[in-house]
Amino acid sequence: TRSTRPQRMLKAVQKNATRGDPLSVISAIDRFCRHSEWAMNVGDEKGTILDSVVSEVNPAMALELGTYCGYSTVRIARLLPPGARLVTLEFNGDYAAIARQVIEWAGLEDMVQLVEGASGDWIPRMKEHFGVKTFDFIFLDHWKDRYLPDIKLLEECGLLRKGTVVLADNVICPGTPDYLEYIRNSPSYESNYFRSHLEYTKAEDGLEKSVYVG
Ligand SMILES: O=C(NC/C=C/[C@H]1O[C@@H](n2cnc3c(NCCO)ncnc32)[C@H](O)[C@@H]1O)c1cc(-c2ccc(F)cc2)cc(O)c1O
Ligand SMILES: [Mg+2]
């Protein structure tokens with residue numbers, strides 16, 4: 001049967017990127033998505049905003065919801081300080097298998113814990129199962145109608161601390177209206193919108209950066 005887009009993306013990484021070189025993995029995926037087949041990676045333009053926020057936070061403990069093929073996982077993990085850890089949740093087994101290989105090609109498997117499962121099931125188990133106290137940085141890029149329930153779940157599970165930075169992709173396109181309304185009106189967060197474009201297109205999109213103030 002015909003290969004899937006994630007499989008073709010992985011092939012492009014294995015063909016065009018150098019093992020152990022995260023930047024070459026990132027550019028191989030961006031080239032594939034720009035010149036061959038569009039895919040829903042955060043992309044290079046929003047990716048530089050993601051990079052600057054990760055570098056500023058310099059997280060010891062980071063969380064990503066929605067691994068997909070591992071593009072943003074590689075973008076984040078390459079910037080982590082030694083000893084830091086990125087937990088990324090992906091409940092589609094096919095995508096998780098591709099992402100694991102992309103992360104390994106980048107040589108970042110030691111920094112990344114890819115958990116195959118749903119955020120709703122695993123967020124409540126982060127403390128006892130992964131020894132997580134709180135997260136310093138969280139990247140939301142999974143189903144858009146799950147941003148709001150999952151940020152509330154993270155609060156309830158005590159996984160946020162004063163200063164935790166939550167960065168949300170796609171707050172304009174496809175859009176996360178209920179999440180935006182909540183996070184911008186909650187006294188527990190200081191939010192800023194970083195205007196950009198939908199990956200590999202001229203359409204408007206952006207990232208919402210929210211700092212938990214407790
Ligand atoms: O839909 C978009 N992203 C969704 C990502 C889903 C990935 O995350 C995984 N996932 C989902 N929910 C959960 C979950 N928990 C929730 C369920 O229990 N727990 C664990 N993993 C989860 C999926 O298996 C996928 O791997 C998107 C669309 C456009 C877009 C824009 C314009 C267009 F025209 C078309 C498309 C642009 C973007 O940047 C986008 O991110
Ligand atoms: Mg996205």
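The figures that follow rest on heavy atoms only: side chains count, while hydrogens, waters and symmetry mates do not. Indexing begins at 1, ligand by ligand and atom by atom, following the structure's order.
Of all atoms in ligand 1, numbered sequentially from 1 with element shown, those under 4.0 Å from a heavy atom of Gly66 are 8 (O). Near Gly117, meaning under 4.0 Å from one of its heavy atoms, ligand 1 places the atoms 19 (N), 20 (C). Within ligand 1, the atoms closer than 4.0 Å to a non-hydrogen atom of Tyr68 are 26 (O), numbered from 1 in the order shown. Near Asn92, meaning under 4.0 Å from one of its heavy atoms, ligand 1 places the atoms 24 (O). Less than 4.0 angstrom separates some heavy atom of Asp169 from each of these atoms of ligand 1: 39 (O). Taking every heavy atom of Asn170 and a limit of under 4.0 angstrom, the matching atoms of ligand 1 come to 37 (C), 38 (C), 39 (O), 40 (C), 41 (O). When each atom of ligand 1 is checked for a heavy atom of Ala118 under 4.0 Å away, the hits are 18 (O), 19 (N).
Across Arg78, Glu64, Glu90, Arg100, a single residue satisfies side-chain hydrogen bond (donor to acceptor under 3.5 Å, both in side chains) together with Thr73, and that is Glu64. The side-chain hydrogen bond (donor to acceptor under 3.5 Å, both in side chains) test with His197 singles out one residue from Glu204, Glu45, Lys46, and that residue is Glu45.
Ring centroid separation for the pair Tyr147 and His142 comes in under the 6.0 Å cut-off.
Using a 4.0 Å cut-off between heavy atoms, Asp141 contacts ligand 1 through both its backbone and its side chain. Residue Tyr95 touches ligand 1 through its side chain alone, judged by heavy-atom distances below 4.0 Å.
Within the structure, the closest approach of Trp38 to ligand 1 falls below 4.0 Å when heavy atoms are considered. Residue contacts with ligand 1 include Leu198, since one of its heavy atoms falls under 4.0 Å from the ligand.
Within 4.0 Å of atom 34 (F) of ligand 1, not a single protein heavy atom is present. Counting protein heavy atoms under 4.0 angstrom from atom 28 (C) of ligand 1 gives one or more.
Heavy-atom proximity to atom 26 (O) of ligand 1, evaluated over His142, Lys46, Glu90, is greatest for Glu90. For atom 14 (C) of ligand 1, the nearest non-hydrogen atom from the set Ala203, Cys69, Ser119, Gly43 comes from Ser119. Evaluated by nearest non-hydrogen atom to atom 32 (C) of ligand 1, the leading choice among Cys173, Gly93, Gly120, Pro149 is Cys173. Compare Glu199, Glu64, Glu116, Lys144 by their heavy atoms: the one nearest to atom 1 (O) of ligand 1 is in Lys144.
Salt bridge annotation for Lys202-Asp205: absent, with no cationic side-chain nitrogen under 4.0 angstrom from a carboxylate oxygen. No salt bridge links Glu208 with Arg195; every basic N to acidic carboxylate O contact stays at or beyond 4.0 Å.
In this structure, the protein non-hydrogen atom closest to atom 21 (N) of ligand 1 is Phe91 N, 3.3 Å. The nearest heavy-atom contact from the protein to atom 16 (C) of ligand 1 is Arg146 CG, 3.5 Å.
The local environment of CH2 in Trp38 is crowded, with over 12 non-hydrogen atoms from other residues, nucleotides or ligands closer than 6.0 Å.
Two residues are said to be in side-chain contact when any heavy atoms from C-beta on lie closer than 4.5 Å; Tyr189 and Ile151 meet this criterion. You'll find the side chain of Lys162 stays beyond 4.5 Å of the side chain of Val211, heavy atoms only.
Here Asn170 reaches the Mg ion (ligand 2): one of its N/O/S atoms is less than 2.8 Å from the metal. None of the N, O or S atoms belonging to Glu199 lies under 2.8 Å away from the Mg ion (ligand 2).
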Is there a salt bridge (Lys or Arg N to Asp or Glu O under 4.0 Å) between Glu128 and Arg125 once you walk through the steps? CA-CA 6 Å; Glu128 36 95 19; Arg125 302 177 60 194; 3.7 Å; yes
Please determine whether side chain to side chain donor-acceptor pair (under 3.5 Å) holds for the pair Tyr200 and Asp30, giving the CA-CA distance in whole Å, both sets of side-chain angles, and the decisive distance to 0.1 Å. CA-CA 8 Å; Tyr200 318 115; Asp30 284 331; 2.7 Å; yes
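Note that OH of Tyr95 is 7.5 Å distant from SG of Cys69, once rounded to the nearest 0.5 Å. The distance from the CG atom of Leu153 to the CD1 atom of Ile123 is 5.0 Å, given to the nearest 0.5 Å.
A tilted orientation is assigned to the rings of Trp122 and Phe130, their planes being inclined by 30° to 60°.
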